[in-house]
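Okay, so here's the structure we're looking at.
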There are 2 protein chains.
Amino acid sequence: MPGRVQSVERAAAILQVLASEAQPTPLHHLASALGLAKGTAHGLLQTLKDVGFVDQDEESGLYAVGVGLLQLAAPALDHNELRSRAINWADALASRTHLAVHVGTLEGAGVVVVHHVFRPDSRPQTLVTGTSFPLHASALGKVLLAHDPRAMRAAMASGLESHTYRTVVDWPALQRQLADVRDVGWAADVEEREPGVAALAAPVRDRSGYVVAAIGVEGAPDELCDARSRPLVSVAGHVTDAARAVSRELGHGRRP
Amino acid sequence: MPGRVQSVERAAAILQVLASEAQPTPLHHLASALGLAKGTAHGLLQTLKDVGFVDQDEESGLYAVGVGLLQLAAPALDHNELRSRAINWADALASRTHLAVHVGTLEGAGVVVVHHVFRPDSRPQTLVTGTSFPLHASALGKVLLAHDPRAMRAAMASGLESHTYRTVVDWPALQRQLADVRDVGWAADVEEREPGVAALAAPVRDRSGYVVAAIGVEGAPDELCDARSRPLVSVAGHVTDAARAVSRELGHGRRP
DNA sequence: ACGGTCGTTCGACGATGTCGAACGCCGTGC
DNA sequence: GCACGGCGTTCGACATCGTCGAACGACCGT
């Protein structure tokens, strides 16, 4: 691509492959996955090691994304006023509902989880901070679609991909759902993004009243819904209360 | 540096400057800070934008580290077995001690906080995940120095820099402290890294018995120490219990 | 209206990134 | 014990690509 720096694109591609692998990766795999000569891959990897973005195991020679990369991402994330302010209310929401809590913001064509509170029990859980959820097939995403025109433009550009048999992939049906979201103040996703998973989310507004994020809970459908898969209003109430509290922290509702 | 890719080094330097700035940064500042032509900085920034590592505000034109970078760092962090296993015990330690909890591992010449549990109250707190603490001037770091020869080599290479008037910057005195750490099983830092802050930490061992991390609590000196600034044995007991529990989760103490 | 600053674009040029070949090490099979 | 294949690493040649200075358009302040 003209005007872009190819070696930086290649280095980023290496990081993306490393991040997507469950285990440390050999150099030859990276080279072949990206169509690079081994010498080229080696030069890029040594540079990434020097700057702390990649670690290489001394014994096996395998490569992985280094914790050093976190030093870039985490402080930048914490500069985000939203996340700083959401943290306490997210903890409270998790305690109150006994569910996992996510906070997400629009990023490209998806909603990226910027904060994740584990459900307060000892079952194994997977951190999803940094993960991008589809806008049309997640509660967090529907909140953004309902209130943020940029989200709507992004969804129209990328289309409505099916994720489960319950995903809404019909624009009129989705529009009707979004009208309901604006009406009741929260969104639901019942096995639309992932089988066996339901979520409820509500909008977080900034000082000017714009929706800048969504906060929500996630769990098994029978933890959030009644026997006919209808979301429990009690859970939705906890979510909207938390969303309002975070919005107040961001200055929403204060006189100028 | 021969054998390294200069443009990847430059791109990494840009990210490091952006991460260290409290607010979004103009292109000309980045160019002058790194001694680059504006056209060069522009090409690197557009490439970083394309790969999602940098965002540019549409109105102001200012640049910042993008949430997209988190998508690389967070999943890679979660692959780290240590952090997955530490999360629950860290929450329990925070509840028990009413203090903030950190888990840290050796990274270069410092100890990087890979997990941070906020103290369970509503006072404002700052997330330090990703932050590197000095080895000799932090409880986490002293644990690693006491048990991990790589940490000792790194500290010898980088020296003992003073952080407060209480920082130990004398090798024999530090060595004596580290012998005590090995003896009692925990380390303390009383206003050595930061004025008004004290911390206690204990070693986390892997299946083979090697110390791979430290877990600790942090708070005001009077929350962890008695009137003569001596660490409270009760708090140290909670910390060593948590460290042992995490070590067991990592397989320490199991027969092969 | 004008001047200055900034982000962006463009083309020339040479510095650097890339690649193929080779090397050393390690593990495996015979 | 030896040979062989695979892998990470090194090196030098070459041409591709990254860099920079100049210029442009937009915006802002005076």
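We name chains A, B, ... by the order of the sequence lines, and we start the count at 1 in each one. None of the values given here were measured: they were computed from a predicted structure.
Atom-to-atom, CG of A:Leu36 to C1' of D:dT9 comes out at 16 Å; the value is rounded to the nearest Å. Rounded to an integer number of Å, the gap from B:Glu9 CD to D:dG18 P is 15 Å. Distance CG (A:Leu48) to P (D:dT9): 13 Å, rounded to an integer number of Å. The CG atom of A:Asp50 sits 12 Å away from the P atom of D:dT9 (whole-angstrom rounding). Remark: P of D:dG8 and CG of A:Asp55 are 16 Å apart, rounded to the nearest angstrom. Atom CG of B:Leu27 and atom P of D:dT19 are 14 Å apart (whole Å). Here C:dT18 presents its P atom at 12 Å from CG of A:Leu34, a figure rounded to the nearest Å. What separates NZ of B:Lys38 from P of D:dA22 is a distance of 12 Å, to the nearest Å.
Remark on DNA chain D: of its neighbouring residues A:Gln56 and B:Leu44, the 5'-side contact belongs to A:Gln56, judged by nearest-heavy-atom nucleotide.
For the pair A:Arg244 and A:Glu249, the salt-bridge criterion is not met [side-chain N within less than 4.0 Å of a carboxylate O]. Between B:Asp50 and A:Arg4 there is a salt bridge, with a side-chain nitrogen of the basic residue lying less than 4.0 Å from a carboxylate oxygen of the acidic one.
One finds a side-chain N or O of A:Thr40 lying less than 4.0 angstrom from the OP1 or OP2 phosphate oxygen of C:dC19. An OP1 or OP2 oxygen of D:dC7 is reached within less than 4.0 angstrom by no side-chain nitrogen or oxygen of A:Tyr63. One finds a side-chain N or O of B:Arg10 lying less than 4.0 angstrom from the OP1 or OP2 phosphate oxygen of D:dC20. For D:dG18, the OP1/OP2 oxygens have no side-chain nitrogen or oxygen of B:Gln6 closer than 4.0 Å.
For A:Gln46, taking side-chain heavy atoms from C-beta onward, the closest of the listed nucleotides D:dT9, C:dT8, D:dG8 is D:dT9. The listed nucleotides are C:dG7, C:dG17, D:dC7; the one nearest the side chain of B:His28 is C:dG7.
Judged purely by atom type and a 3.5 angstrom limit, A:Ser60 uses its side chain to pair as donor or acceptor with the backbone of A:Leu62. The backbone N or O of A:Val103 sits nowhere less than 3.5 Å from a side-chain atom of A:His115 that would complete a donor-acceptor pair.
Residue A:His42 is classed as a base contact, given a heavy-atom separation below 4.0 Å to a base. Residue-level contact check: A:Ser7 touches the backbone only, with heavy atoms under 4.0 Å from sugar-phosphate atoms and none from bases.
To the nearest 0.5 Å, atom NE2 of residue A:His136 and atom CH2 of residue A:Trp171 are 8.5 Å apart.
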